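For reference, the structure discussed in these notes is given below.
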Amino acid sequence: MTFSNLLIQWYLHNKRDLPWRNTTNPYPIWLSEIMLQQTRVAQGMPYFLSFTAAFPTVFDLAKADEEQVLKLWQGLGYYSRARNLHKTAQHVADELSGVFPTTYKDLLQLKGIGEYTAAAIASFSYNEVVPVVDGNVFRVLSRYFDIETDIVAASAKKEFAALAFELMPKDNPAIFNQAIMEFGALQCVPKSPNCSICVFNGSCVALQKNKVDQLPVKSKKLKVRNRFFNYLVLNDENNNTIIQKRTDKGIWHNLYEFPLIETEKEEEFSFISTQIQKDFGVNHEIISVAECNGKSIIHKLSHQHLYIKFWKVNINGVLKKGINNVDLKTFPFPIVIHNFIEKDL
DNA sequence: AAAACGGGGAC
DNA sequence: GTCCCAGTTTT
């Protein structure tokens, strides 16, 4: 048995039944691929179902407001994916008559579609013979062939793509691409794979050399920055509050938040209440300031640890642009703010 | 080439 | 705590 035959046989017996399989329609395939970038299937699944329900076609997605799209994306993370998804839907609907490009090369031109996603759509929808190279592929091939190339290096993707291309059956690239990723996700997992039941345990070089746990080689070590956010939850005579859109570069672009005081360190009541007097005391009579959560909520992003405090600020009079608790819930928020609104507000 | 970009699950 | 997930874009 060849590598691809064995792999595909394994796949046919072990594959999950996923809603974006069993179609060649590029729209749901594209949607699923964007959602699953750096995201587990289990996490992306409910979002895929709600998106396809809300936007059955690329035209429906194109017609939506970005805010609607971000609201449905809320909690999935990497929000540039949602913004690019929306822009690309508009491009396909308005400029391409709703028809997705049909080649790897042309798909690559679309916003949010890189080498992996272009290969996935081209092979799954159009049977183009082009290999996907994702985290699973790096892991499976580096172990099977004992390849010690640092997968962070720019050259690694080319090396593994060339290898995958040689391995894939040229008459059915789609099933090979599906199979190698599924194999990485279910069998050749990052930690403690059960090699005793693996179909490749007679030929996997890493297993023979007892170095499965050392592959793939990945050098990257990322630095995390600490930030300290103080969110001001204003509350006026009508029980209305204020939110604002994050329009700066950086995290949570185009999502909403409460008025923010960012500090260099964790601050206590005296510092924050003084700052609130400066920011809002000019236009409002502040009745009281109270910390909502005793200790900071530590919200961990991949490159930042956020230490977040919410401060309830009761004021006299009525806020201009104040919004009520019902309308508040219609805006897209970072999940940590959404959770606060749902549980603690 | 390196950094930025979310959130959660598994250990 | 660590690692990493059907990666892409920006710097």
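Side-chain atoms are counted along with the backbone in the values below, which use heavy atoms only and exclude waters and symmetry mates. Naming convention: chains lettered A, B, ... in sequence-line order (proteins, then strands); numbering from 1 in each chain. Because the structure is a prediction, the values reported are computed rather than measured.
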Rounded to whole angstrom units, what separation is found between the [atom1] atom of [X] and the [atom2] atom of [N]?
X: A/M35; N: C/dT8; atom1: CE; atom2: P; result: 16 Å
X: A/I34; N: C/dT8; atom1: CD1; atom2: C1'; result: 9 Å
X: A/Y104; N: C/dG7; atom1: OH; atom2: P; result: 14 Å
X: A/Y79; N: C/dT8; atom1: OH; atom2: C1'; result: 17 Å
X: A/E115; N: C/dT8; atom1: CD; atom2: C1'; result: 10 Å

Over 60° means perpendicular and under 30° means parallel, so classify the ring planes of [Y] and [X], tilted if in between.
X: A/F200; Y: A/Y144; result: perpendicular
X: A/F229; Y: A/Y231; result: perpendicular
X: A/F310; Y: A/F340; result: parallel
X: A/W10; Y: A/F183; result: perpendicular

Set out, line by line, the N/O atom pairs under 3.5 Å between protein and nucleotides 9-11 of chain C.
unit_1 : atom_1 : unit_2 : atom_2 : d
C/dT9  : OP1    : A/G112 : N      : 2.4

- request: Check DNA chain B against residues 5-28 of chain A and give the residues with a non-hydrogen atom under 4.0 Å, in numerical order.
  value: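 DNA chain B contact set from residues 5-28 of chain A: none.
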- request: Residues of residues 334-345 of chain A with any non-hydrogen atom less than 4.0 angstrom from an atom of DNA chain B: list those, numerically ordered, please.
  value: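 Those residues whose heavy atoms fall under 4.0 Å from DNA chain B, taken from residues 334-345 of chain A in numerical order, are A/P334, A/I335.
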Donor-acceptor side-chain pairing of [X] and [Y] below 3.5 angstrom:
X: A/N230; Y: A/E267; result: no
X: A/E67; Y: A/Y256; result: yes
X: A/R21; Y: A/Q178; result: yes
X: A/T330; Y: A/D327; result: no
X: A/Q74; Y: A/K71; result: yes

Short side-chain to backbone donor-acceptor contact, [X] and [Y], under 3.5 Å:
X: A/T263; Y: A/K265; value: yes
X: A/H303; Y: A/K223; value: no
X: A/N201; Y: A/C198; value: yes

Heavy atoms only, 4.0 Å cut-off, all strands: where does [X] land among base, sugar-phosphate and nothing?
X: A/H253; result: nothing
X: A/S32; result: nothing
X: A/Q304; result: sugar-phosphate
X: A/G250; result: sugar-phosphate
X: A/G75; result: sugar-phosphate
X: A/A120; result: nothing

Close N or O pairs between protein and nucleotides 2-5 of chain C (under 3.5 Å):
unit_1 : atom_1 : unit_2 : atom_2 : d
C/dC4  : O2     : A/R40  : NH2    : 3.2
C/dC5  : OP1    : A/R139 : NH1    : 2.5

query: So which pairs with a foot in residues 141-153 of chain A pass salt bridge (Lys or Arg N to Asp or Glu O under 4.0 Å), sequence neighbours left out?
result: A/D146-A/K209, A/D146-A/K211, A/E148-A/K211
message: With rounding to the closest Å, how many angstrom separate the P atoms on B/dG6 and C/dT11?
response: 14 Å
- prompt: Does A/I175 share a hydrophobic cluster with A/Y104, counting links as ILVMFWY side-chain heavy atoms below 4.5 Å and allowing steps through other members?
  reply: no
query: When clusters are formed by joining ILVMFWY residues with side-chain heavy atoms under 4.5 Å apart, either directly or through shared neighbours, do A/W252 and A/Y78 land in the same one?
result: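 No: no chain of side-chain contacts under 4.5 Å links A/W252 to A/Y78.
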message: Quick test of your reading of the model: are A/E257 and A/R246 salt-bridged, counting only N-O distances below 4.0 Å?
response: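 Looking at A/R246 together with A/E257, the answer is yes, because their closest N to O distance falls below 4.0 Å.
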query: Could you give the start and end, 5' to 3', of the contact zone on DNA chain B for chain A, using atoms under 4.0 Å from its heavy atoms?
result: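 Footprint of chain A along DNA chain B, 5' to 3': B/dA1 to B/dG9.
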query: When you match A/S155 and A/R83 each to their closest nucleotide on DNA chain B, which lands nearer the 5' end?
result: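 By nearest-heavy-atom nucleotide position, the 5'-most residue is A/S155.
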Nearest non-hydrogen partners of A/M168 and A/P173, listed with the distance: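 So the minimum-distance heavy-atom pair works out to CE-CB, 3.4 Å.
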